[in-house]
S.K.: 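Once you've had a glance at the structure underneath, I'll fire off some questions.
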Amino acid sequence: MKKDDRFVKQITPKSADFSKWYLEMIRKAELADYAPMKGMMVIRPYGYAIWENIQRLLDERIKKTGHSNAYFPLFIPESFLQKETEHLKGFSPEVAWVTVGGSEELEERLAVRPTSEAIIGNMYSKWIKSWRDLPVLINQWANIVRWEKVTRPFLRTTEFLWQEGHTAHGTEQEAVDETMMILDLYKEFVETELAIPVVSGKKSEMERFAGASDTYAIEALMSDGKALQMGTSHFLGQHFSEVFNIRYEDKEQNLQYVWQTSWGVSTRLVGALIMSHGDDSGLRLPPNVAPIQVIIVPISIGNWKEDVLPAAKDIERELLQLGLRVKIDDREEFTPGWKFSEWEMRGVPLRIEIGPRDIKNKHVISVRRDTLEKEQIPFSELSERIPLVLQDIQNSLFESALKFQTENTHDVQTYDEFQKIMDSQRGFIKVFWCGEPLCERKIKDETMATIRIVLPEDPHDKKEGHCILCGKDSNKRVLFAKAY
RNA sequence: CGGGGAGUGGCGCAGCCUGGUUAGCGCGCCUGCUUUGGGAGCAGGAAGUCGUCGGUUCGAAUCCGAUCUCCCCGACCA
């Protein structure tokens with residue numbers, strides 16, 4: 001769409017300045033606002049409603065796979081964090097500390113949780129005694145604080161909301177299986193509900209979670225060619241069970257350390273929604289998580305409150321009965337045209353226009369946000385048609401994001417090509433890598449790209465090749481990208 | 001954390017260099033009337049003490065210092 005043809009004129013087009021567009025979207029669509037303290041934001045009702053939908057849809061899946069929710073304290077004694085050396089090293093630069101309670105200096109500082117492995121490890125050591133106590137499958141929805149130097153709304157904030165699962169198992173295999181099951185669950189969830197295609201795989205050593213044996217992640221390509229980590233699933237091995245002494249007696253009466261996992265996704269997903277689907281006119285929210293799925297705009301002409309509004313309300317009632325999230329915009333102070341633009345900018349998937357002409361002809365005009373296509377739907381077919389259209393929008397948002405991802409995943413042969421792509425349109429770059437952190441480091445220094453994931457084996461792909469940088473023989477296919 | 005830019009009614013900005021009466025403009029907001037099928041028009045009105053603290057000066061949005069916050073680039077970052 002040419003700039004001049006855009007109906008929505010109050011925002012910087014995404015194509016003109018991606019970063020500015022992103023920040024404007026958040027504020028103009030009223031997803032969030034800056035709080036007065038550095039790096040902190042207020043999630044406003046419209047943004048929070050998206051998070052609530054994410055929570056609900058993910059929570060269902062977490063419970064369906066046998067996990068239960070619980071809640072652990074916000075504060076963690078310093079000594080707990082210190083137990084796992086790598087964990088401490090990884091997090092200490094960004095921990096916020098409580099040193100005073102009321103007017104009294106604390107004997108031991110308390111960390112505001114940057115993640116909960118330590119406090120949960122401590123509790124698990126009390127709860128787990130026998131093989132009969134296993135597995136422990138607990139999830140918590142919580143807030144997290146990390147004192148980040150550079151922050152961006154939703155993508156990296158000082159305080160954020162997330163879900164963190166923490167499980168303990170009797171065997172290594174069981175914990176590994178859990179790690180992978182959750183990774184798949186995340187992938188399915190994000191692709192189905194957020195309509196964002198992701199790639200999943202293991203993290204390189206450099207990107208591994210502090211204290212984990214292995215970290216797996218789902219990564220998505222944003223429409224500016226940068227990758228965003230959307231969720232992680234960690235196989236913790238016995239690192240935490242050893243230091244927190246989480247042991248159980250097995251059937252043979254041997255004391256064994258448990259095997260653990262932890263995994264999480266955060267409010268960052270809201271940022272991902274904005275960046276993957278948004279366009280020059282604003283947000284394009286997938287129906288499954290959109291706070292409002294259908295906005296009904298009555299055409300306010302003449303005696304519209306008596307002629308048009310009742311019909312609009314009938315339609316609202318009918319759609320509500322289908323379980324849809326519907327709203328009528330009956331504000332008198334705005335013209336229909338204004339409302340069209342407003343809801344377009346805010347990303348509502350489907351708009352229904354109804355005016356005197358439509359009532360006479362017993363149909364409505366529906367306009368889908370993703371394509372801006374208009375369609376006449378007879379009153380009698382609304383209940384049947386609207387859910388289908390919404391599903392189609394959900395699907396086509398995914399398809400177009402997938403197309404973008406495919407078109408921007410480059411299979412390159414030379415480092416020269418690699419550098420050229422990173423200097424221009426970016427995207428995912430698929431190459432062989434020798435496994436040396438030194439090569440990874442050098443590539444990062446020269447191109448800003450990091451290994452997002454080590455690709456799982458794919459029967460369609462070559463198995464052997466040469467490291468893109470040093471040329472050594474390699475059987476590791478990896479995905480490089482510039483990360484958020 | 002380093003380099004650069006910026007904070008002036010709700011939003012976007014001008015004024016600052018070369019201190020000087022009531023700090024302007026557009027959008028938005030309020031009231032009224034006319035309107036309403038892709039961001040309506042006219043008339044009237046309200047709202048800022050110039051991020052914050054301190055300094056220079058007869059006088060500071062304007063000069064100086066500190067500090068907070070935001071943006072961009074980099075360093076760092078489950």
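Hydrogens, waters and symmetry mates play no part in the numbers below; they use all other heavy atoms, side chains included. Numbers restart at 1 for each chain; the letters A, B, ... are given by sequence-line order, proteins then strands.
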S.K.: Both A/G337 and A/Q229 contact RNA chain B. Taking the nearest nucleotide for each, which residue is further toward the 5' end?
M.R.: A/G337

S.K.: Strictly by Watson-Crick or wobble contacts shorter than 3.5 Å, is anything paired with B/A6, and which nucleotide is it?
M.R.: B/U69

S.K.: Which base, if any, makes a Watson-Crick or G-U wobble pair with B/G26, both distances under 3.5 Å?
M.R.: B/C11

S.K.: Look at all strands and tell whether A/E94 reaches a base, only sugar-phosphate, or nothing, counting heavy atoms closer than 4.0 Å.
M.R.: sugar-phosphate

S.K.: Looking only at N and O atoms, is any donor in the side chain of A/S300 or the base of B/U36 less than 3.5 Å from an acceptor on the other one?
M.R.: yes

S.K.: For B/G19, which nucleotide in any strand shown is its Watson-Crick or wobble partner with both distances under 3.5 Å?
M.R.: none

S.K.: What is the base-pairing partner of B/U62, counting Watson-Crick and G-U wobble geometry with both distances under 3.5 Å?
M.R.: none

S.K.: Kindly point out which of B/G38, B/C71, B/C72 is positioned nearest to the side chain of A/V367?
M.R.: B/G38

S.K.: Side chains of A/H239 and A/S213: is there a donor and an acceptor less than 3.5 Å apart?
M.R.: yes

S.K.: For nucleotides B/C76 and B/A60, find the distance between their C1' atoms and express it as a whole number of Å.
M.R.: 40 Å

S.K.: May I ask you to establish whether A/R152 and A/Y484 are in a cation-pi arrangement, using a distance under 6.0 Å from NZ or CZ to the six-membered ring centre and at most 45° from the ring axis?
M.R.: no

S.K.: Quick check for you: among B/C11, B/G74, B/G38, whose closest atom lies nearest to any side-chain atom of A/S341?
M.R.: B/G38

S.K.: Rounded to whole angstrom, note down the C1' distance from B/A61 over to B/A6.
M.R.: 15 Å

S.K.: Between B/C30 and B/C72, how many Å separate the two C1' atoms, rounded to a whole number?
M.R.: 38 Å

S.K.: Among B/U36, B/C71, B/G12, which nucleotide sits nearest the side chain of A/R27?
M.R.: B/G12

S.K.: Sort out the partner of B/C33 for me: Watson-Crick or G-U wobble, both distances under 3.5 Å, none otherwise.
M.R.: B/G41

S.K.: Mind checking if A/K89 touches a base, just sugar-phosphate, or nothing, with heavy atoms under 4.0 Å?
M.R.: nothing

S.K.: Taking atom C1' in both B/U49 and B/C53, what distance in whole Å separates the two?
M.R.: 16 Å

S.K.: Measuring only the P atom in each nucleotide, how far is B/C63 from B/C71? A whole number of Å is fine.
M.R.: 25 Å

S.K.: Going by an N to O cut-off under 4.0 Å, is there a salt bridge joining A/D279 and A/R369?
M.R.: yes

S.K.: CE of A/M448 versus P of B/A75: gap in Å, rounded?
M.R.: 7 Å

S.K.: Which part of the nucleic acid, if any, lies within contact of A/I365, taking any heavy atom under 4.0 Å across all strands shown: a base, the sugar-phosphate backbone alone, or nothing?
M.R.: base

S.K.: Could you check whether A/R331 gets within reach of a base, just the sugar-phosphate, or nothing at all, counting any heavy atom under 4.0 Å?
M.R.: nothing

S.K.: Which value, in whole Å, describes the distance between the C1' atoms of nucleotides B/U52 and B/C68?
M.R.: 7 Å

S.K.: Looking across every strand, which nucleic acid part, if any, lies under 4.0 Å from A/H234 by heavy atom: base, sugar-phosphate, or nothing?
M.R.: sugar-phosphate

S.K.: Closest-nucleotide mapping onto RNA chain B: is A/Y34 or A/D445 further toward the 5' terminus? I mean the 5' end.
M.R.: A/Y34

